[in-house]
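Chain naming here is simple, since letters A, B, ... match the order of the sequence lines and numbering starts at 1 in each. Predicted model only: the values in this text are computed from it and were never measured.
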Number of protein chains: 2
Amino acid sequence: MSSDSNPTRVRILKSAWALLEAGGGGAVRMSDIAKAAGVSRQAVYLHFPNRADLLVATTRYIDGVHDIDGRLVRSRIAGSGRERLASWVEAWGNYIPLVYGVLKALMAMKDSDAEALAAWNDRMQAVREGCAAAVAALQADGALAEGFSAEEATDVLWAMLSVRTWEQLCQECGWDQARYVTAMQHMTEQILVSGGSGGKGPIRYLPEK
Amino acid sequence: MSSDSNPTRVRILKSAWALLEAGGGGAVRMSDIAKAAGVSRQAVYLHFPNRADLLVATTRYIDGVHDIDGRLVRSRIAGSGRERLASWVEAWGNYIPLVYGVLKALMAMKDSDAEALAAWNDRMQAVREGCAAAVAALQADGALAEGFSAEEATDVLWAMLSVRTWEQLCQECGWDQARYVTAMQHMTEQILVSGGSGGKGPIRYLPEK
DNA sequence: AAGTAACTTTACACTGTGTAAAGTTGACAC
DNA sequence: GTGTCAACTTTACACAGTGTAAAGTTACTT
């Protein structure tokens, strides 16, 4: 698309990404991004109608750079339901830190801006679908824990894999990213797979190195 | 204290509570609260130096009305570690919806306002202590699941019981409050208690009625 | 009658988003 | 060279909400 080859537009996106990832979060203003891109504040509005749109465009830009689609598709190849759950947790869990800065800004905006809310919901709905697919794979194997309906299990997985939970463990509690992923694999298995981790299968739960 | 007997102050607090609980969240302005209390906007600033302080005072007011201290203390009486975990999950989990409106406003404020952040951290640190106490009780029984240090277990419990997780399940996914509490009791037990729920003990996990 | 506390009214500073419009610059067309 | 067009800059302003400042009102106290 022409949008990806427009140099000024790309410079703005890269600046937004850099500032947001540097920890600014909701404190990054349009003027900061403009300054970082070496462009006037008004020029930013020439390319993006508003802040919410710029944030969304930034996540899409980052997605492209990291080949997110590829990652997620690969996470769906796994054979058994358990393997698929583990690979989904890993794929999404490792994606979060890549876009956390932008998502944080979007989260902060979403309860005062309708556009930001819509963008956020759209994104999170996609994540929910990944969770639902993992749960469906478990169910197809007859491995879904008793006590939860498929929908409840999806809700639980979605909540456990939420950006907020990642934020709390990795940002506030200082967890290491690798520890987060293995712990999440372990916990989601304990909760969602029938029989829990009683019989240890081929999937390794504890830190590998 | 005179602060609790000052009628205007109390009217402001009650108005703030009502508006916030009605779902306003971050969208409730100082002028809305003033209007609801039948007082000028400036009068609010006569009683509370800023919005963050008003929000904090509102949670304290609600705490007092609901005898929160009593509830939490009672949750620590339970005998075994497992019972104590379940009663802590219940006590805190059932407290969240009572103050959710105010907490939501505080959460929205905390990444742009240092005072709100400090107030939030203070509150959440208290919750963390409750989590740490429950984990310590499990550990004293030798019932803490292997694979987690006491600190990690505290982090996990704290994250699972976060306001955000409650929000996602009960607000976004439409879970019933009672279901939330029983599911959380079940999940925290599965993850934190050694042996999981393999041997079903005296604690009921599934909905009671 | 003076004083004082609690409140109102009016007004303004500040921050950040988004809109509006006129001016600059460089490339390309003919 | 002249024209024109797009991309960008500059300047200015509307708007929302928080918080500050100060003068005015009211009613109760002594």
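- In this structure a side-chain-to-backbone donor-acceptor pair under 3.5 Å is present from T182(A) to A178(A).
- We find that CD1 of I12(A) is positioned 13 Å from C1' of dT9(D), with the value rounded to whole Å.
- Looking only at side-chain heavy atoms (C-beta outward), Q185(A) and L85(A) stay at 4.5 Å or farther from each other.
- Checking the phosphate oxygens (OP1, OP2) of dA6(C), no side-chain nitrogen or oxygen of H47(B) falls inside 4.0 Å.
- Atom-to-atom, CZ of R51(A) to P of dT19(C) comes out at 15 Å; the value is rounded to the nearest Å.
- Proximity of a side-chain donor or acceptor of D141(A) to a complementary backbone N or O of G81(A) within less than 3.5 Å is detected.
- Judged by atom type and distance alone, R41(A) does not reach the base of dG16(C) through any side-chain donor-acceptor pair under 3.5 Å.
- Nearest to the side chain of D113(B), among dT17(C), dG19(D), dC7(C), sits dG19(D).
- Using a 4.0 Å cutoff on non-hydrogen atoms, the parts of residues 29-40 of chain A near DNA chain C are R29(A), M30(A), ordered by number.
- Nearest-nucleotide assignment on DNA chain C puts the 5′-proximal partner with R11(B), out of R11(B) and M109(A).
- Side-chain contact between D113(A) and N50(A) is absent, with no heavy-atom pair separated by less than 4.5 Å.
- Taking atom CG of L46(A) as the reference point, atom P of dG18(C) lies 15 Å away to the nearest angstrom.
- For the pair M124(A) and W158(A), the minimum side-chain heavy-atom distance is below 4.5 Å.
- In this structure, N6(B) places its CG atom 11 Å from C1' of dA5(C), rounding to the nearest Å.
- Under 3.5 Å, the side chain of Q42(B) and the base of dT9(C) form no donor-acceptor pair of N or O atoms.
- Among all heavy-atom pairs drawn from R84(A) and A137(A), the shortest one is CD-CB, 3.9 Å.
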